[in-house]
A.B. asks: 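Right, I'll just put the structure down here and ask away after.
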Amino acid sequence: MEQKNNHFIEEIIEQDIREGKHGGRIHTRFPPEPNGYLHIGHAKSICLNFGLTQKYNGKTNLRFDDTNPVTEDVEFVESIQEDIKWLGFDWEDRLYYASDYFPQLYEFALQLIKEGKAYVDDLNSEEVAALKGSPTEPGKPSPYRDRTVEENLKLFQEMKEGKYKEGEKTLRAKIDLASPNMHMRDPILYRILFTPHHRTGTQWCIYPMYDFAHGQSDAIEGITHSICTLEFENHRPLYDWFIHELKLFPSRQIEFARLNLSYTVMSKRKLLQLVKENIVSSWDDPRMPSIAGFRRRGYTPESIRNFATMVGVARRENVIDLSLLEFAIRDDLNKKATRVMVVLHPILLKIINLPEDHREDLEIDNNPEDETAGKHIMSFSNMCYIESEDFMMQPPPKYHRLSPGEMVRLKGAYIVKCESVELNTDGSIKTILCSYVANSKSGNDQSGIKVKSVIHWVDAKSCSDAEVRLYDRLFRVEDPNDQQGDFKDYINPDSLITIPNAKIENFLKTDTAIGKSYQFLRHGYFCMDRDSSEAKVVFNKTVGLKDSYQKSNAKN
RNA sequence: UGACCUAUGGUGUAACGGUAGCACACCGGAUUUUGAUUCCGUUUGUUAAGGUUCGAAUCCUUAUAGGUCAACCA
């Protein structure tokens, strides 16, 4: 899916190339914190960063911004790498960690102290906050702001040696307490933390703040275009201050608007809450907007990359319609997915003018969109299951499916006519009794009969059972963040409906592998879930087919 | 009521002072052995008011609305 017009970041890059900035070199990075799984918003950023360097022949680093050992974990380091690879991007040999730079960052801190531009503060967090002022009032200096260089050097050394407790001391930059930008009011550079780090263990007990690590990490790696989301815009003057004071490589930070998707939440905190409180089964629950969730749901990397292109890159806040993502996956799977027949809510149909022992093999197209996809065999007898909603005793107007006296085609098989029904004692339908039109065989129809509808079916004598999990949007409201009360009050109670005994054609039992996508004819796209076993196959609904009949019904 | 940022159909996103276009959604129609796909078409928009200009979505001013910032989180 090519985009014709450049977005604003491409414009900046092309101008830099024209002007020969950094010798025309383009180098970006994707800098996740390993404290959760990646979500679709990260996917946008990954596609942006790696996509840009593919387009302009540059390089993209993967760098873990792991400056807070309290929340970070190797589980996330691993899942993040897996998700980026799955999306189809490669950082080659450029896997870095901000923690790799701890020694150098420490030297940077010493440099600032020696120049009188940083000081050790004894105030606790409440006291610091109290003196910081507010956006409309200037801050006040800490009583420790004017310590001598020697004293600061000694105290910072002692902080590093573990002589002080967590929270007892911090290192702060000495910038401007009256700045209208709160980030310039003597930001904290280092804090004391005794939690072991997932990579450096107990080697350090002082850790740089993100603001003191991120920009310098970019500079160390020679990142030319440091792309991040809008909320870091106010931090840029601080990063530029560090670059200037420490005389570092001048990476240029460019901010863009993060992705928001309707009917879901995107904050890591809220996603973590859904997992921790068992509202979803795991980080890769198919209802989660995590990359792992979409993967398990049956989304393809191509569809997500196309989606990322279609949403565009700009600087205004946005909420993308879920329907655009659904379009992207339907568009991709329509071209790729093998068509099979699965009956979700079966009702028995018996063909009365066929012998009890009739058996016939029919050839079914694997994909009418792809001539090279071939065919598969489906067996046919005098008994089959059809979808219960494809039959009505008293059909409403414009109902094209089966009802008494009416004809439909069984997809890939014959035209059948409903002659009567057999009822259970409670009045419900036990069996639909039909005659079939012998010379109407699919592909060789001599009957001349035109039917209004073609319905799917499976052979009742050879089909198997499968569990089918029908997924729908996780939230009932478009913007769960913008509601009264807790966002969890707006969970869609029907976001998962499990059908324990759907009827699947035999081919599907033997052909499938975990993660493989199919189109269940007239239903939607499904893929085999990792919960499948020999005894029971499980399918996840990726997305439904568009359904103009249901839509017109909903209107009436 | 501080600083910074943003404002184009329902949702996104283009138009680089010169015909407001594209995608999704929506609504019609054609085709169809998936009420799918495909194809065709309709409707819908420059936040407001001034200014500059032959000409403004675009430049300037003001207003309005929204976002970000006062973690020892990132």
Side-chain angles (χ1 to χ4, degrees), chain A residues 1 3-7 11 31-33 35 65-68 70-72 121 123-125 128-130 132-139 166-172 179-185 187-193 207 209-211 213-214 228-237 255 257 262 268-269 309-328 330-331 334-335 339 341 365 368-369 398-401 408-413 415 442-443 445 451-456 478 519-524 544-552:
Chain A
M1 211 142 298
Q3 199 170 342
K4 221 166 148 190
N5 296 295
N6 282 344
H7 55 68
E11 288 296 327
E33 186 193 13
N35 67 345
D65 270 343
D66 53 352
T67 55
N68 184 1
V70 178
T71 56
E72 294 155 11
D121 198 346
L123 261 28
N124 64 35
S125 59
V128 170
K132 207 152 201 176
S134 76
T136 52
E137 303 160 68
E166 285 189 9
E168 203 176 333
K169 282 184 167 47
T170 58
L171 183 73
R172 297 179 69 181
S179 172
N181 183 336
M182 298 296 289
H183 299 287
M184 302 300 275
R185 321 247 267 226
I188 290 171
L189 269 25
Y190 268 89
R191 78 287 215 192
I192 298 167
L193 252 24
Y207 289 90
M209 297 293 291
Y210 172 85
D211 278 349
H214 186 81
C228 65
T229 46
L230 250 25
E231 68 268 28
F232 294 104
E233 191 170 1
N234 291 344
H235 298 236
R236 186 170 6 106
E255 308 88 12
S262 58
K268 273 192 197 173
R269 204 196 89 243
T309 303
M310 288 189 288
V311 299
V313 179
R315 281 177 67 86
R316 75 183 108 154
E317 298 286 333
N318 60 78
V319 182
I320 306 293
D321 251 33
L322 184 59
S323 64
L324 187 64
L325 219 209
E326 294 182 339
F327 167 80
R330 283 193 196 105
D331 190 48
N334 178 46
K335 290 175 268 181
R339 271 61 170 171
M341 296 198 225
D365 277 342
E369 303 292 318
K398 292 192 179 170
Y399 184 82
H400 296 162
R401 283 107 100 150
V408 295
R409 172 176 294 281
L410 298 177
K411 170 78 182 177
I415 292 172
S442 188
D445 186 352
V451 292
K452 280 197 222 157
S453 188
V454 177
I455 65 171
H456 62 279
E478 240 183 273
Q519 186 192 103
F520 289 6
L521 224 64
R522 301 212 298 137
H523 283 301
L545 256 24
K546 289 221 284 191
D547 189 346
S548 57
Y549 176 68
Q550 195 182 64
K551 203 186 314 189
S552 69

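We name chains A, B, ... by the order of the sequence lines, and we start the count at 1 in each one.
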A.B. asks: Determine the interatomic distance between P on B:U46 and the same-named atom on B:A36; round to the nearest Å.
C.D. replies: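 Roughly 34 Å separates the two P atoms.
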A.B. asks: Taking atom C1' in both B:C73 and B:A56, compute the distance separating them and give it to the nearest angstrom.
C.D. replies: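 About 45 Å, rounded to a whole number of Å.
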A.B. asks: Please report the distance, rounded to the nearest Å, between CD in A:Glu255 and C1' in B:C5.
C.D. replies: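 These atoms are roughly 9 Å apart.
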A.B. asks: To the side chain of A:Asp321, which of B:U11, B:G35, B:U34 is closest?
C.D. replies: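 Nearest to the side chain of A:Asp321 among the choices is B:U11.
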A.B. asks: Figure out the NE2/P separation between A:His523 and B:G35, and round it to whole Å.
C.D. replies: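 Spelled out: NE2 on A:His523 to P on B:G35 is 11 Å.
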A.B. asks: A:Asn124 near the nucleic acid: base, sugar-phosphate alone, or nothing, with a heavy-atom cut-off under 4.0 Å?
C.D. replies: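 Counting heavy atoms under 4.0 Å across all strands, the contact made by A:Asn124 includes a base.
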A.B. asks: When you measure from the side-chain N and O atoms of A:Thr67 to the phosphate of B:A74, is any distance below 4.0 Å, counting only OP1 and OP2?
C.D. replies: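 Checking A:Thr67 against B:A74: at least one side-chain N or O falls below 4.0 Å of OP1 or OP2.
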A.B. asks: Looking only at the side chain of A:Arg315 (C-beta and beyond, no hydrogens), which of the listed nucleotides B:U13, B:A36, B:C5 gets closest?
C.D. replies: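 Looking only at heavy atoms from C-beta outward on A:Arg315, the closest nucleotide is B:C5.
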A.B. asks: What is the separation between atom CE on A:Met184 and atom P on B:G2, rounded to the nearest whole Å?
C.D. replies: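 A:Met184 atom CE is separated from B:G2 atom P by 21 Å.
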A.B. asks: B:A15 C1' sits how many Å from A:Asn6 CG, rounded?
C.D. replies: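 Atom CG in A:Asn6 sits about 13 Å away from atom C1' in B:A15.
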A.B. asks: Consider the side chain of A:Asn318, meaning its heavy atoms from C-beta on, and name the nucleotide among B:C72, B:U33, B:U13 that approaches it most closely.
C.D. replies: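 Selected nucleotide: B:U13.
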A.B. asks: Once you apply a heavy-atom cut-off of 4.0 Å, does A:Tyr190 come out as touching a base, just sugar-phosphate, or nothing?
C.D. replies: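 The answer is nothing, as A:Tyr190 stays clear of every strand by at least 4.0 Å.
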A.B. asks: Under 4.0 Å between a side-chain N/O of A:Lys452 and OP1 or OP2 of B:U33, yes or no?
C.D. replies: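 So the side chain of A:Lys452 is outside the cut-off, no N or O lying under 4.0 Å from OP1 or OP2 of B:U33.
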A.B. asks: B:C72, B:U33, B:G67: which one has an atom nearest the side-chain heavy atoms of A:Glu317?
C.D. replies: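 Out of B:C72, B:U33, B:G67, the nucleotide with an atom closest to A:Glu317's side chain is B:G67.
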A.B. asks: Quick one: on RNA chain B, does A:Thr136 or A:Leu521 contact a more 5' nucleotide (nearest heavy atom)?
C.D. replies: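 The residue whose closest nucleotide sits nearer the 5' end is A:Thr136.
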A.B. asks: Taking the chi torsion of B:A30, is it syn (within 90° of 0) or anti (everything else)?
C.D. replies: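 The base of B:A30 is oriented anti (glycosidic angle more than 90° from 0).
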A.B. asks: Is there a donor on the side chain of A:Asn334 or the base of B:U37 sitting less than 3.5 Å from an acceptor on the other?
C.D. replies: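 Check fails, no donor-acceptor contact within cut-off.
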A.B. asks: Rounded to whole Å, how long is the line connecting atom CG of A:Asn68 with atom C1' of B:C72?
C.D. replies: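 Interatomic distance, CG of A:Asn68 to C1' of B:C72: 10 Å.
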A.B. asks: When the P atoms of B:U64 and B:A71 are compared, how many Å lie between them, rounded to an integer?
C.D. replies: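 About 28 Å, rounded to a whole number of Å.
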A.B. asks: Taking atom C1' in both B:U1 and B:A65, compute the distance separating them and give it to the nearest angstrom.
C.D. replies: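 Rounded to whole Å, the distance is 16 Å.
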A.B. asks: Does any non-hydrogen side-chain atom of A:Val128 lie less than 4.5 Å from one of A:Arg185?
C.D. replies: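 No, side chains not in contact.
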A.B. asks: Would you tell me whether A:Asp321 and A:Ser323 have side-chain atoms, one donor and one acceptor, within less than 3.5 Å of each other?
C.D. replies: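 Short answer, yes.
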A.B. asks: Taking the side chain of A:His7 as heavy atoms from C-beta outward, which of B:G67, B:A14, B:A74 is closest to it?
C.D. replies: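 Nucleotide nearest to A:His7's side chain: B:A14.
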A.B. asks: Could you check whether A:His214 and the base of B:A74 form a stacked pair, meaning centres closer than 5.5 Å and planes differing by less than 30°?
C.D. replies: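 No, A:His214 does not stack on the base of B:A74.
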A.B. asks: Counting only side-chain nitrogens and oxygens, does A:Lys546 get under 4.0 Å of the OP1 or OP2 atom of B:A25?
C.D. replies: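 For B:A25, OP1/OP2 do have a side-chain N/O of A:Lys546 under 4.0 Å.
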A.B. asks: Just compare B:A23, B:C26, B:C73 and give me whichever is closest to any side-chain atom of A:Lys551.
C.D. replies: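 Of B:A23, B:C26, B:C73, B:C26 is nearest to the side chain of A:Lys551.
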A.B. asks: Quick check for you: to the nearest 0.5 Å, what is the distance between A:His523 atom NE2 and A:Leu545 atom CG?
C.D. replies: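 Reported to 0.5 Å precision, the distance equals 10.0 Å.
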A.B. asks: Can you identify which nucleotide, out of B:A71, B:U34, B:A25, has its nearest atom closest to the A:Ala129 side chain?
C.D. replies: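 In terms of side-chain proximity for A:Ala129, the closest of B:A71, B:U34, B:A25 is B:A71.
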A.B. asks: On a heavy-atom basis, which atom in A:Ser262 and which in A:Leu322 lie closest, and how many Å separate them?
C.D. replies: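 Of all heavy-atom pairs spanning A:Ser262 and A:Leu322, the closest is OG-N, 2.9 Å.
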A.B. asks: Write down the atom of A:Asp65, the atom of A:Glu33, and the distance for their closest heavy-atom approach.
C.D. replies: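 That closest heavy-atom pairing would be O-CG, 3.4 Å.
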A.B. asks: Between B:A36, B:A3, B:A70, which one does the side chain of A:Lys132 approach most closely?
C.D. replies: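 When the side chain of A:Lys132 is considered, B:A70 is the closest of B:A36, B:A3, B:A70.
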A.B. asks: Using every non-hydrogen atom in the two residues, find where A:Asn334 and A:Arg339 come nearest and quote the distance to one decimal.
C.D. replies: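 Scanning both residues, the minimum pair turns out to be OD1-NH2, 2.8 Å.
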A.B. asks: Nearest whole Å is fine: how far is B:C4 P from A:Asn234 CG?
C.D. replies: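 Checked: the CG to P distance equals 10 Å.
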A.B. asks: Quick check on B:U32: is either OP1 or OP2 less than 4.0 Å from any side-chain nitrogen or oxygen of A:Arg409?
C.D. replies: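 No, outside the criterion.
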A.B. asks: Of the candidate nucleotides B:A36, B:G12, B:A74, which contains the atom at the shortest distance from the side chain of A:Val319?
C.D. replies: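 Nearest listed nucleotide: B:G12.
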A.B. asks: Hey, can you tell me if A:Tyr210 and A:Phe232 have their rings parallel, tilted or perpendicular (30° and 60° cut-offs)?
C.D. replies: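 Plane angle between 30° and 60°, so tilted.
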A.B. asks: If you pin A:Pro180 and A:Tyr399 to their nearest nucleotides in RNA chain B, which one's is more 5'?
C.D. replies: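 Comparing both residues, the 5'-ward one is A:Pro180.
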A.B. asks: Mind running ring pair (Phe, Tyr, Trp, His ring centres under 6.0 Å) on A:His235 and A:His214 for me, showing each step along the way?
C.D. replies: CA-CA 11 Å; A:His235 298 236; A:His214 186 81; 9.7 Å; no
A.B. asks: Tell whether A:Gln519 reaches the base of B:U34 with its side chain through a donor-acceptor pair below 3.5 angstrom.
C.D. replies: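 Looking at the base of B:U34, it does pair with a donor or acceptor on the side chain of A:Gln519 (distance under 3.5 Å).
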A.B. asks: Do A:Arg316 and B:U8 have a side chain to base donor-acceptor pair shorter than 3.5 Å?
C.D. replies: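 Answer yes: a donor N or O sits under 3.5 Å from an acceptor.
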A.B. asks: What is the distance, rounded to the nearest whole Å, between atom NE2 of A:His400 and atom C1' of B:U33?
C.D. replies: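 A:His400 atom NE2 is separated from B:U33 atom C1' by 15 Å.
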A.B. asks: Are any of the side-chain heavy atoms of A:Phe327 and A:Met310 separated by less than 4.5 Å?
C.D. replies: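 The answer is yes, as the side chains (C-beta and beyond) meet within the 4.5 Å cut-off.
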A.B. asks: Would you mind telling me which of B:C72, B:A36, B:C69 lies closest to the side-chain atoms of A:Thr170?
C.D. replies: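 Among B:C72, B:A36, B:C69, the one nearest the side chain of A:Thr170 is B:C72.
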A.B. asks: B:C73 phosphate, OP1 or OP2: any side-chain N/O from A:Arg269 under 4.0 angstrom?
C.D. replies: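 It does not, given that no N or O in the side chain of A:Arg269 lies less than 4.0 Å from OP1 or OP2 of B:C73.
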A.B. asks: Which atoms form the tightest heavy-atom contact between A:Arg401 and A:Val408, and what is the distance?
C.D. replies: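 Minimum heavy-atom contact is C-CG1, 3.6 Å.
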A.B. asks: Within the modelled atom types, does a donor on one side and an acceptor on the other bring the side chain of A:Arg339 and the base of B:U34 under 3.5 Å apart?
C.D. replies: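 When only heavy-atom distances are counted, A:Arg339 does reach the base of B:U34 through a donor-acceptor pair under 3.5 Å.
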A.B. asks: Quote, to the nearest angstrom, the P distance that separates B:G21 from B:U43.
C.D. replies: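 B:G21 and B:U43 have their P atoms separated by 12 Å.
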A.B. asks: Expressed in whole Å, how much space separates the C1' atoms belonging to B:U61 and B:A20?
C.D. replies: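 Result for the C1' pair: 25 Å, nearest Å.
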A.B. asks: Using the P atoms only, state how far B:G12 lies from B:G66, rounded to an integer number of Å.
C.D. replies: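 The same atom, P, in both gives a distance of 16 Å.
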A.B. asks: To the nearest 0.5 Å, what is the distance between CG (A:Asn124) and CD (A:Glu168)?
C.D. replies: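 A:Asn124 CG to A:Glu168 CD: 10.5 Å, rounded to 0.5 Å.
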A.B. asks: Between A:Ser453 and B:U34, does any side-chain N or O lie under 4.0 Å from OP1 or OP2?
C.D. replies: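 Negative; the distance criterion is not met.
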A.B. asks: Using whole Å, what does the distance between atom C1' of nucleotide B:U37 and atom CG of A:Asp547 come to?
C.D. replies: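 So the CG-C1' distance, A:Asp547 to B:U37, works out to 14 Å.
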A.B. asks: Taking B:U52 as the reference, what is the distance to B:A57 when you measure between their P atoms (whole Å, please)?
C.D. replies: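 Result for the P pair: 16 Å, nearest Å.
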A.B. asks: What's A:Glu166 touching, base or sugar-phosphate or nothing? Going by heavy atoms closer than 4.0 Å.
C.D. replies: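 No contact.
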A.B. asks: According to the Watson-Crick and G-U wobble definition with distances under 3.5 Å, which dot-bracket string, read 5' to 3', encodes RNA chain B, using [ ] for crossing pairs and | for pairs with another strand?
C.D. replies: .((((((..((((....[..))))..((((.......)))).....(((((..]....))))))))))).....
